[in-house]
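Here's the structure, in structure tokens; my notes come after.
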Amino acid sequence: QLIPRRTLIAAPKAGQGPLLERRSDRALPDLRTSRRTLYLTLPLFLITLGASTLLIFNYQKTNSSVTTSTLFALRSHPVARELLGDEIQFSSRLPWIKGELDQFHGKIDIEYGVKGTKGEGAMRFRSTRKSRLGLFETEKWELWLRDGRVVDLL
């Protein structure tokens, strides 16, 4: 009795037409990579990883209860409404929250751009907690306007 053996089919080479039939026992393509490819893709991967990390942390700060609460308080503050107008919101679609937002260790010091119907500026908020079980004490809550004026909102 003869047992039929199937021969291996090489992977298509450059310039050959598409392979219309795939067999499970075909030869696999060569996976050797050059150092040049590694030197090009590794920095690109690291840059993408770093940028993604920064964007994730900024997204976390943007959706923090501190950030949303300070923006709500700014919307309802009479002086801020007089200077910025109605519809107070972040100054850009992708806001960048500068500073430290570490509620666990009791340190909040953030700044972000805001705008309204009359003007725009930046809001700065700083609050600290002296002891582990203590309450947060607001030290600074300011509105910096484009014309250089700084308004204390406390």
Side-chain angles (χ1 to χ4, degrees), residues 11-20 22 26-154:
K13 300 202 178 352
Q16 291 181 338
L19 201 74
L20 300 177
R22 295 280 182 176
R26 71 183 187 277
L28 296 175
D30 187 21
L31 293 178
R32 282 183 266 150
T33 58
S34 67
R35 289 205 185 274
R36 182 173 182 256
T37 305
L38 181 67
Y39 290 140
L40 290 175
T41 57
L42 187 62
L44 183 64
F45 170 74
L46 293 175
I47 289 170
T48 304
L49 182 69
S52 299
T53 303
L54 287 174
L55 289 173
I56 287 169
F57 284 132
N58 187 61
Y59 179 77
Q60 182 182 11
K61 286 181 186 179
T62 303
N63 291 321
S64 166
S65 61
V66 174
T67 306
T68 55
S69 297
T70 55
L71 188 59
F72 175 76
L74 192 66
R75 287 178 183 145
S76 59
H77 197 283
V79 176
R81 288 182 66 94
E82 180 184 318
L83 295 171
L84 296 176
D86 295 329
E87 300 176 21
I88 297 173
Q89 58 188 339
F90 291 120
S91 62
S92 65
R93 290 189 67 179
L94 296 172
W96 191 258
I97 311 297
K98 300 175 193 160
E100 183 178 16
L101 184 54
D102 187 4
Q103 291 174 299
F104 185 72
H105 291 106
K107 298 173 191 169
I108 299 171
D109 189 3
I110 58 172
E111 178 182 341
Y112 55 86
V114 292
K115 69 177 178 179
T117 54
K118 290 183 183 176
E120 62 182 89
M123 198 269 325
R124 175 106 191 258
F125 180 79
R126 182 171 54 205
S127 182
T128 57
R129 185 179 63 210
K130 304 293 183 206
S131 65
R132 191 170 73 87
L133 297 175
L135 297 173
F136 275 93
E137 295 176 20
T138 303
E139 298 171 358
K140 185 182 286 190
W141 188 32
E142 297 174 336
L143 182 62
W144 296 39
L145 300 171
R146 290 281 183 211
D147 59 7
R149 289 185 291 167
V150 178
V151 179
D152 187 14
L153 298 173
L154 279 179

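- The heavy-atom pair separating T68 from S65 by the smallest distance is OG1-O, 3.2 Å.
- Looking at W96 and L54, their side chains come closer than 4.5 Å, going by heavy atoms from C-beta outward.
- Distance alone, capped at 3.5 Å, is enough to place a donor-acceptor pair between the S76 side chain and the F72 backbone.
- Using modelled atom types, no side-chain atom of D109 and backbone atom of S127 make a donor-acceptor pair closer than 3.5 Å.
- To the nearest 0.5 angstrom, Q89 atom CD is 10.5 Å from E120 atom CD.
- Going from atom OG1 of T41 over to atom CZ of R36 covers 11.0 Å, rounded to the nearest 0.5 Å.
- Heavy atoms from other residues, nucleotides or ligands lying under 6.0 Å from CG of L46 number more than 12.
- Within the 3.5 Å criterion, the main-chain N or O of V66 finds no donor-acceptor partner in the side chain of S69.
- Contact between G85 and I88 at its shortest, heavy atoms only, is O-CG1, 3.4 Å.
- At a threshold of 4.5 Å between non-hydrogen side-chain atoms, the residues D86 and R81 count as touching.
- Within a 6.0 Å sphere centred on NZ of K107, heavy atoms belonging to other residues, nucleotides or ligands number 12 at most.
- Under a 3.5 Å cut-off, the side chain of T67 and the backbone N or O of K61 do form a donor-acceptor pair.
- Side chains of L143 and L145 form a contact here, defined as non-hydrogen atoms less than 4.5 Å apart.
- Under the 3.5 Å distance criterion, the side-chain polar atoms of R129 are left unmatched by any main-chain donor or acceptor of E137.
- Around CZ of F57, the count of heavy atoms belonging to other residues, nucleotides or ligands within 6.0 Å does not exceed 12.
- No donor-acceptor contact under 3.5 angstrom links the side chains of Y112 and S91, judged on distance only.
- Considering only heavy atoms from C-beta on, T117 stays 4.5 Å or farther from L84 through its side chain.
- In this structure, L74 and M123 approach most closely via the heavy-atom pair CD2-CG, 3.9 Å.
- Heavy atoms from other residues, nucleotides or ligands lying under 6.0 Å from CH2 of W141 number more than 12.
- Expressed to the nearest 0.5 Å, how far CG of N58 lies from CG of N63 amounts to 9.5 Å.
- Annotation: side chain of E100 is not in contact with side chain of I108 (no heavy-atom distance under 4.5 Å).
- With hydrogens and angles disregarded, no donor-acceptor distance shorter than 3.5 Å links the side chain of T138 to the backbone of K140.
- Rounded to the nearest 0.5 Å, atoms CZ (R146) and NZ (K115) are 10.5 Å apart.
- Distance check, rounded to the nearest 0.5 Å: CD1 of I97 to OG of S64 gives 9.0 Å.
- Taking 4.5 Å as the limit, some side-chain heavy atom of F90 sits within range of a side-chain heavy atom of T62.
- Heavy atoms from other residues, nucleotides or ligands lying under 6.0 Å from CG of L94 number 12 at most.
- There is a side-chain donor-acceptor pair under 3.5 Å between T128 and E139.
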